[in-house]
Amino acid sequence: MTGLLLISTSLITMLGVTLLALARLEPGHPHISDWGWSHVLLALGLTLGVALVPADTASLPYRVQATVATACVIASLALQLAGAARYRGQPWRWRRNAPVFAALLVAILALALLEQRYGVVAAAFVLTGGAWLAAAWLWRDGSRSERFVAGCFVASGAVHLSGPLLDPLARSTLTHVAGTYVQMTLAMALILLSVRRAHHETERVNARLRQLYEQSMQGLIVVREGRAVYANPAALQIFGLARLDGERPIEAGMAPADVEAFRARCAQLMAQRGGHIAWEGERLRRDGSAVYLRGITSYIEWEGDPSLLVLMLDDTERQRAIEALRRQALHDELTDLPNRHAALDRLAELTAPGSPGFALLSADVDRFQLVNESLGHETGDALLQAIARRLGDALPPGALLARLGEDQFLLLQPGVDDDAAALLAGQRLLAQMNAPFAVGHRALYVHLSVGVARYPAHGESGAALLRAADIAMHQAKQQAGAAVVAYRAGMAAGAGDLLEIEQALAAAIEREEFQLDYQPKYGAGLRRLAGFEALVRWQRPGQGRVSPADFIPAAERTGQIVALGALIVRQAMRQLRDWQQQGLAVLPVAVNVSPLQFEDTGFADWVLALVQAHGLAPALLEVEITETAAMTHMERVLPQLARLREAGVGVAFDDFGTGQSSLTLLRRLPISTLKLDRSMVEPLPEPSAGAVVRAACVVAEALGLAIVAEGVETEAQAGEAERLGCTHLQGWLLGRPLAADAAGALLVSAP
């Protein structure tokens, strides 16, 4: 009997070991390991508790052996249930379940110590209950094979239950023979069930992976010995293939320039037997068209052979979008010529150290704004397109034509080494404009102003060269008609001085770096002091005095003449107030007013408010406006001059004789003084000049105006001006411009 039991337990142990070996092959299925250990522990428990039990049940060895055997049986039961639960995907928590099995172990041991057959009966019932519970878990919603295993568990429970029924100590031959066959069948069924479950899991994982790479937008190719042995649908679609052509080398889809790089990647990965390399570039489809790919090549083992796995993504559309953006960034949308950015990039290349000389021509279309304003922007755009086409068709070899701005073009012409050749290139550019441009139903004639600069004579960088060409172009625009001007060194200095003055004006006005000098005016005949004209001077800190001929035009160009004019009026008011507070016999002071100041319709009211704020009589202030300003801005100037005259402020008509004013204009203007320009006074006492001055004086006398002769420098001029009818004299003969203190001293000494 003992031998039969040992054979039975040995077979159960072998089947348990088989399950454990299978568990090592399938580590993702823990239920296999549970069932393997369950069989091993069951065999050990049966061996110690039944087959090899000592005859003396009261001895210590019996008690120790019975305890170990019972522990093995209970542990086998726990693992059997754990395997069934995990197989079904149910949670199994050892910490929660261990106390239950420990209690069963204590109960069985207590009964066995009390009497052996009680322990055998209790163990049989526990094992039966556990087997049938596992059977219930597997039977519910189980497949045919799972229900077969559940039946084996039921049979196993029945065998456990038959033990004490057939023999008090469960040593019945029938029980152990039946148990051997049932356990073997159960073990084999568990092995097959586990293998089937593992196989299904593998198939499911493989199906998922297959779905991933078959449905992936990424192309996947396996390359072995230079040929593709597998390609997923995305890769086939990328290369325009219906199926994989094993005869076609992978290099057939590459441009010749990329083949060497591909071979180098393959050799590196094969030598390392691992790693990956990223790459991108153009590849050729089956029909010869290009496709831009980005990919990663890595080393793999494919069917036991060293191979390469190539993952790729069709990046053609994004690459085209990038190229389109790059072109948009470097090309002018209207004319399709390179734009400023492209021209500057090319200039940077051409001005690298050691580069040969070339000419840079900056060409601007004269009076282009007039075309836009009179014919519309559509016509202007069409004209620019026509100019670009004509200039582009006549480009010399190696030259670059670009559009820099609205109506400015740039020509880079290599092979030009002197100014004569550069000017000739500019003349050829002008010659292209001789024929009219047919735009719509019109024939438009176009003139260009061209500035020429040469590398490296006029600049060693692209920015410096472009600046020189632009300066020369602006010089050309000052000439009548189409013109070409070559850059000269002095041009940049002049332009720099103008810019520097324009930039410094605002800060100078804010800091009140300007001061007034006062040139006296005298009455004719007795030549008594009759007033002053305030003349603005700019005393720049650290640089000395700046000529009004430099900063007044700059202030008018930048619009800062308004702020400067306001400062002059305020300073004149303060000075009049200071003289008045000193108790001097204050005389009128004339200030020049720019026509831009009359852009503000409240200018006259502002002046009157300023006069009142300083406590002055309006008659102490006289505003001077030029003849040209009065004629050009009549609508804005006339009402405000009338407002000033009504309040008692004097109004002088300055530089009379230099413009084209009519007698009607003189009658309409609300003026009190007519100032003859120095160009009328300088020729005196010549008879012809005197006739002109006399005519002006007659008109002024008839209108009731004071007449000031400006620029009087000789006594002959002064005497003749008085004889002809001028009421006042002003010039260096009688007094040069004085500082405020000197002018105050003159007021003290005046009779």
Side-chain angles (χ1 to χ4, degrees), residues 330-332 334-335 337-369 384 387-388 390-392 394-433 446-500 502:
L330 297 177
H331 276 73
D332 174 56
L334 179 65
T335 62
L337 292 176
N339 61 12
R340 175 181 289 271
H341 297 295
L344 292 176
D345 288 346
R346 182 63 177 148
L347 274 173
E349 296 174 2
L350 293 176
T351 54
S355 298
F358 64 92
L360 182 67
L361 287 74
S362 178
D364 192 80
V365 180
D366 294 338
R367 296 176 299 282
F368 177 74
Q369 189 61 34
L384 290 174
I387 293 173
R390 185 180 293 183
L391 294 179
L395 275 183
L400 172 70
L401 179 67
R403 182 187 178 207
L404 291 192
E406 182 180 20
D407 57 352
Q408 186 180 4
F409 295 87
L410 191 73
L411 177 64
L412 285 79
Q413 184 168 335
V416 177
D417 298 323
D418 53 47
D419 286 344
L423 289 172
L424 180 59
Q427 293 295 340
R428 288 173 179 164
L429 205 62
L430 296 185
Q432 296 298 320
M433 301 293 107
V446 173
H447 293 158
L448 296 180
S449 294
V450 181
V452 181
R454 290 189 299 105
Y455 174 79
H458 301 145
E460 297 184 352
S461 68
L465 204 62
L466 181 58
R467 185 165 58 250
D470 280 344
I471 291 172
M473 181 266 290
H474 287 294
Q475 291 286 332
K477 290 188 77 68
Q478 297 177 13
Q479 301 184 18
V484 180
V485 173
Y487 176 78
R488 298 187 306 276
M491 291 180 179
D497 291 343
L498 289 176
L499 177 63
E500 199 274 334
E502 289 180 0

To check you understand the geometry: which heavy-atom pair defines the closest contact between [X] and [Y], and what is its length?
{"X": "Ala464", "Y": "Gly459", "answer": "CB-CA, 4.2 Å"}
{"X": "Pro414", "Y": "Pro397", "answer": "CG-O, 4.0 Å"}
{"X": "Val450", "Y": "Ala363", "answer": "CG2-CB, 4.0 Å"}
{"X": "Ala425", "Y": "Gln413", "answer": "CB-OE1, 3.6 Å"}

Pairing residues for [X] by the side-chain contact (heavy atoms from CB on, under 4.5 Å) criterion, not counting sequence neighbours:
{"X": "Leu423", "result": "Val484, Ala486"}
{"X": "Gln432", "result": "Arg390, Leu391, Ala394"}
{"X": "Asp417", "result": "none"}
{"X": "Ala348", "result": "none"}

In Å, rounded to the nearest 0.5 Å, how long is the span from [atom1] of [X] to [atom2] of [Y]?
{"X": "Leu401", "Y": "Leu410", "atom1": "CG", "atom2": "CG", "value": "8.0 Å"}
{"X": "Leu404", "Y": "Leu337", "atom1": "CG", "atom2": "CG", "value": "10.5 Å"}
{"X": "Asp407", "Y": "Leu448", "atom1": "CG", "atom2": "CG", "value": "9.5 Å"}
{"X": "Leu334", "Y": "Asn339", "atom1": "CG", "atom2": "CG", "value": "12.5 Å"}
{"X": "Leu424", "Y": "Leu429", "atom1": "CG", "atom2": "CG", "value": "11.5 Å"}

Throw together a table of side-chain donor-acceptor distances under 3.5 angstrom for residues 353-361, partners on residues two or more places apart or in other chains.
from, atom 1, to, atom 2, distance (Å)
Ser355, OG, Leu350, O, 3.2
Ser355, OG, Ala352, N, 3.4
Ser355, OG, Ala352, O, 2.7

Would you please name every residue forming a salt bridge (Lys or Arg N to Asp or Glu O under 4.0 Å) with Asp364, sequence neighbours left out?
Lys477
Quick one: ring pair (Phe, Tyr, Trp, His ring centres under 6.0 Å) pairs with a partner in residues 402-424, sequence neighbours left out?
none
Scan for side-chain hydrogen bond (donor to acceptor under 3.5 Å, both in side chains) pairs involving residues 453-462, sequence neighbours excluded, and state none if there are none.
Asp419-Arg454
Contacts of type side chain to side chain donor-acceptor pair (under 3.5 Å), residue [X], not counting sequence neighbours:
{"X": "Thr335", "answer": "Asp332"}
{"X": "Gln408", "answer": "Ser362, Asp470"}
{"X": "Ser449", "answer": "Asp366"}

Salt bridge (Lys or Arg N to Asp or Glu O under 4.0 Å) contacts touching residues 338-351 (sequence neighbours left out):
Arg346-Glu349
